Amino acid sequence: MTRPDPEVAQADTPEMRTSGRPAEALDAPLDHRPGTSGVATPGGGWRRADGPTRGQQRRKRKGGGRRGGARDGDPTVEDAEFQSYYGRQIVKSAVWKTPDVPLYLFLGGAAGSSAVLGAAAEFSDRPALARTAHLIAGGGAVASVGFLIHDLGRPERFLHMLRVFKPTSPLSVGSYILSPFSALTGAAAALTLAERVDRVPGWVKAPWLRRTAGVGGAVFGGPMAAYTAVLLANTATPSWHEPGNQLPFVFTGSGLAAGGGLCMAFTPVDQAGPARKAAVVGAAVELAAMHKVENDHGIVSEPFHIGRAGKLLRIAKACTAAGAVGAAVLGGKRWGAVASGALLAAGSALTRFGVFDAGMASSKDPKYVVVPQRERLAARAAGTQT
Amino acid sequence: MSQFSSASPAFTGHDPENRLYGPLPDVTGEAGYEPDHPARVGFFTDTSVCIGCKACEVACKEWNTLPMDDADGTRDALGLSGMSYDNTGMLGANSWRHVAFVEQSRSVDLPMPSMGVPAAPDQGVGSAGGCGGSCGSESPAHGNADGTTIDQHSVLNAQALSSFDPQTAQSGDREIRWLMSSDVCKHCTHAGCLDVCPTGALFRTEFGTVVVQDDICNGCGYCVPACPYGVIDQRKGDGRVFKCTMCYDRLTDGLQPACATACPTQSIQFGDLDELQARADARLATLTEQGVTTARLYGRDTDDGVGGAGAFFLLLDEPEVYGLPPDPVVTTRDLPSMWRHAAGAAAMLVGVALSGFLGRRR
């Protein structure tokens with residue numbers, strides 16, 4: 001987190017800045033302000049001693065202080081009052097690097113859906129689509145392995161991932177998905193390339209070899225695109241954990257849009273029909289699931305609307321929607337397929353970057369940890385929830 | 001270790017033995033140790049007697065040879081946090097104990113706030129209400145006439161637990177108190193870090209604690225966001241993750257952890273977990289009886305979101321005031337549902353991709 005400048009902290013603590021509490025609450029007598037201390041602490045009324053005085057707070061407000069969630073005309077969340085330890089974050093932010101991990105998420109999704117498209121194309125007399133899909137799947141898978149290993153704190157120990165198999169660890173499960181997926185799709189891609197090389201022995205060019213590798217990779221394609229959502233969701237990061245049941249659909253929808261879009265862009269239009277359909281349906285699923293992620297989770301949905309994540313996700317939505325419409329309407333034309341495929345891929349990538357950023361932002365503000373947990377406790381106390 | 005037998009709850013959600021969530025009486029046995037394993041040990045940190053001396057932090061750094069870092073976890077930097085007396089800032093890879101300093105004040109509605117010399121308790125003039133020597137009311141009669149002042153006195157006395165309380169002071173119409181608490185890894189019954197570790201570097205020891213094997217950890221960093229308390233972190237420049245081991249090396253030699261050994265006020269108590277829990281319950285009962293209504297145990301309840309913590313606390317205010325989450329839940333509780341939805345999403349992807357090949361050829 002950014003460290004509060006001492007002078008700023010005196011006038012306006014990070015807690016105050018982020019909570020954006022309503023001005024009227026500050027005019028209330030000290031012991032009657034909304035909050036937990038007066039209610040949950042009998043005989044309490046303790047406030048942190050270095051909080052701002054009322055005058056300072058009002059001055060800050062008049063100076064155009066921002067209120068969380070109320071910007072951009074996005075769905076707003078009630079400003080919440082909460083306590084924290086000097087505004088410091090409670091849960092740790094993921095140490096995963098950008099762009100390594102968002103790109104890994106994007107490539108994994110695109111490769112996963114391409115692998116399925118490629119395998120099916122092998123058996124439906126669409127050699128050009130099969131070629132493109134194999135290359136995208138294999139290239140994406142191998143690149144994503146590279147990004148994943150590069151992200152490790154001790155890259156030379158990447159094989160430690162395969163020491164154990166733990167269903168409680170999505171990264172362990174994912175390692176056992178990614179390893180065969182990247183090996184098989186990589187092989188299918190290599191065999192596809194080998195066809196054009198004269199010096200390669202004939203048995204390597206046998207179609208059954210390429211098809212076997214392609215089908216093998218396709219088996220892991222769906223899990224490959226879906227598990228990365230669980231990877232993010234199975235953390236204490238509020239904005240990743242709460243939408244944990246919807247993120248898999250965001251990620252597979254996004255993967256279909258990207259994989260379909262890329263295959264469509266690099267395949268002659270007469271063979272690209274299945275890729276086009278997959279891309280359009282995938283984009284629709286992505287937009288629908290993302291809408292739920294962005295609106296169904298109260299205050300934890302807020303990071304998807306504000307800051308860098310909000311900006312990325314708005315552009316992502318525009319790209320995906322435009323790409324989907326473009327693919328449906330102009331996908332039959334070569335230039336239309338290229339343009340809309342590129343838009344869909346860009347939308348998918350930006351969605352991953354946006355989701356990644358939103359989670360990081362939610363981990364940095366104690367509000368997103370404390371307020372939902374307080375609500376949970378209050379609901380439990382009221383007996384309305386188990 | 002029963003790697004494969006633990007497979008079913010995470011995927012199916014069928015968890016009658018509370019392997020993912022809920023109370024687990026024998027967490028060590030569940031991890032695969034023989035029934036004659038040692039009793040589960042833990043920390044009971046009683047913040048009501050913490051004086052903020054940071055001896056625990058120093059002892060921990062010394063024993064575990066932890067690198068220096070500043071309040072933002074920047075290695076090899078001595079930085080002042082600019083907030084209270086806390087320059088450690090947070091738990092992290094290089095700080096396995098962290099003493100939180102919370103300075104609080106509240107207004108006191110006295111009839112005539114007095115800025116004069118406080119009445120000395122020994123002289124008996126202003127001490128009829130049992131005021132600890134620093135209250136500003138003019139006379140007992142005034143104090144008794146005003147309900148808030150009496151409340152004030154009773155709270156002050158209760159928290160003081162004696163005629164003099166160094167943590168609370170009154171000045172004019174403001175009353176000041178310090179909350180100090182030595183935070184540490186909770187060694188959860190259901191530890192998120194342990195659940196998500198893909199290499200098996202994190203493991204449950206025979207003492208029921210959770211420890212990182214630094215020769216196995218490959219620095220994937222998954223445990224860092226998985227911890228609901230934000231305890232474990234990656235060491236910059238090293239790449240691996242580190243956290244409190246409850247001095248595993250000392251425990252195997254029959255010693256107590258360094259921090260508990262160094263604590264001069266027995267704020268940090270180490271022992272068998274069941275014994276500590278009984279001691280904490282008694283301590284809470286004593287404080288409650290003496291009128292400290294704000295005292296509460298944190299991490300003691302085995303029905304909580306992490307199945308109860310191996311290191312638990314007696315707090316005097318809400319957990320979030322100390323930088324602790326008010327209702328932490330191990331992320332793995334929701335994992336079966338996430339896996340199910342991921343399986344559905346994967347099937348959706350395959351179905352959509354294949355359905356495009358059906359129908360007429362274009």
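What you are looking at is a predicted structure, and each value in this text was computed from that prediction instead of being measured. Note on naming: letters A, B, ... go to the chains in the order of the sequence lines (proteins, then strands), and numbering restarts at 1 for each one.
Relative ring orientation between A:Trp96 and B:Tyr222 is described as tilted, the plane-to-plane angle lying within the 30° to 60° band.
Counting heavy-atom pairs under 4.5 Å between each of B:Gly219, B:Ala346, B:Ala343, B:Pro198 and chain A puts B:Pro198 at the top. Top candidate by heavy-atom pairs under 4.5 Å with chain A, chosen from B:Val196, B:Val241, B:Asp233, is B:Val196. Between chain A and the options B:Thr332, B:Asp86, B:Val321, the largest number of non-hydrogen pairs under 4.5 Å is found for B:Val321. Residue with the most contacts toward chain B among A:Leu162, A:Asp151, A:Leu152: A:Leu152 (heavy-atom pairs, distance under 4.5 Å). Contacts with chain A were tallied for B:Gly89, B:Cys223, B:Pro326; B:Pro326 has the most, counting heavy-atom pairs under 4.5 Å. The choice from B:Gly92, B:Pro328, B:Ala201 that makes the most heavy-atom pairs within less than 4.5 Å of chain A is B:Pro328. Note: B:Cys217 leads B:Gly192, B:Cys227, B:Cys217 in heavy-atom pairs under 4.5 Å with chain A. Listed options A:Ser169, A:Pro248, A:Pro155 were ranked by heavy-atom pairs under 4.5 angstrom with chain B; first place goes to A:Ser169.
Partners of A:Phe356 under the ring pair (Phe, Tyr, Trp, His ring centres under 6.0 Å) rule, at least two apart in sequence or in another chain, are A:Trp240. Under the rule for a side chain to side chain contact (heavy atoms under 4.5 Å, CB included), the partners of A:Ala121 that lie at least two apart in sequence or sit in another chain are A:Arg126, A:Leu129, A:Ala130, B:Phe357.
Summarising the geometry, atom OG1 belonging to B:Thr199 is positioned 9.0 Å from atom CZ belonging to A:Arg157; distances are rounded to the nearest 0.5 Å. Within the model, atoms CG of A:Leu247 and NE2 of B:His341 stand 11.5 Å from one another, a figure rounded to the nearest 0.5 Å. Atom CZ of A:Arg374 sits about 4.0 Å away from atom CD of B:Glu318, to the nearest 0.5 Å. Taken to the nearest 0.5 Å, the OG atom of A:Ser172 stands 12.0 Å off from the CG atom of B:Asp195. If you take OG1 on A:Thr252 and CG on B:Leu349, they are separated by 6.0 Å, rounding to the nearest 0.5 Å. The distance from the CG atom of B:Asn218 to the CG atom of A:Leu159 is 9.5 Å, given to the nearest 0.5 Å.
Taking a cutoff of 4.0 Å between a charged side-chain nitrogen and a carboxylate oxygen, B:Asp238 and A:Arg154 qualify as a salt bridge.
More than 12 heavy atoms of other residues, nucleotides or ligands shown are found within 6.0 angstrom of CZ on A:Phe123.
Contacts of A:Ser363 with chain B are absent, with no heavy-atom separation under 4.5 Å from either backbone or side chain. The part of A:Val173 that comes within reach of chain B is its side chain, from C-beta onward, which places non-hydrogen atoms under 4.5 angstrom from that chain. The contact between A:Leu231 and chain B is made by backbone and side chain atoms together, counting heavy-atom distances below 4.5 Å. For a residue to count as touching a neighbouring chain, one of its non-hydrogen atoms must lie under 4.5 Å from one of that chain's; by this rule A:Ala120 touches chain B with backbone and side chain alike. Contact annotation for B:Tyr322: only backbone heavy atoms (N, CA, C, O) come within less than 4.5 Å of a heavy atom of chain A.
B:Cys220 and A:Met161 make their closest contact through CB-CE, 3.6 Å (heavy atoms, listed as atom of the first residue, atom of the second, distance). Residues B:Leu335 and A:Pro170 come closest through the heavy atom pair CD1-CG, 4.0 Å. Considering every non-hydrogen atom in both B:Ala353 and A:Leu117, the closest pair reads O-CD2, 3.9 Å. Shortest non-hydrogen contact noted between B:Pro228 and A:Ile90 is O-CG2, 4.4 Å. Of all non-hydrogen atoms in A:Val370 and B:Glu320, the two that sit nearest each other are CG2-CB, 3.8 Å. For the pair A:His160 and B:Asp215, the tightest heavy-atom approach, listed with the atom from each and the gap, is CE1-O, 3.7 Å.
Although no hydrogens or angles enter the test, the distance criterion places a donor-acceptor pair under 3.5 Å between the side chain of A:Lys166 and the main chain of B:Cys197. In this structure, A:Arg88 contributes its side chain and B:Met90 its backbone to no donor-acceptor pair below 3.5 Å. The backbone N or O of B:Phe101 lies less than 3.5 Å from a partner atom in the side chain of A:Tyr85, making a donor-acceptor pair.
Between A:Leu256 and B:Met348 the shortest side-chain heavy-atom distance falls below 4.5 Å.
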Go through the steps to decide whether A:His241 and B:Val329 satisfy the test side-chain contact (heavy atoms from CB on, under 4.5 Å), and finish with yes or no.
CA-CA 11 Å; A:His241 184 94; B:Val329 173; over 6 Å; no
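Here the rule is side-chain contact (heavy atoms from CB on, under 4.5 Å) with B:Val224, and of A:Thr235, A:Thr237, A:Val95 only A:Val95 fits it.
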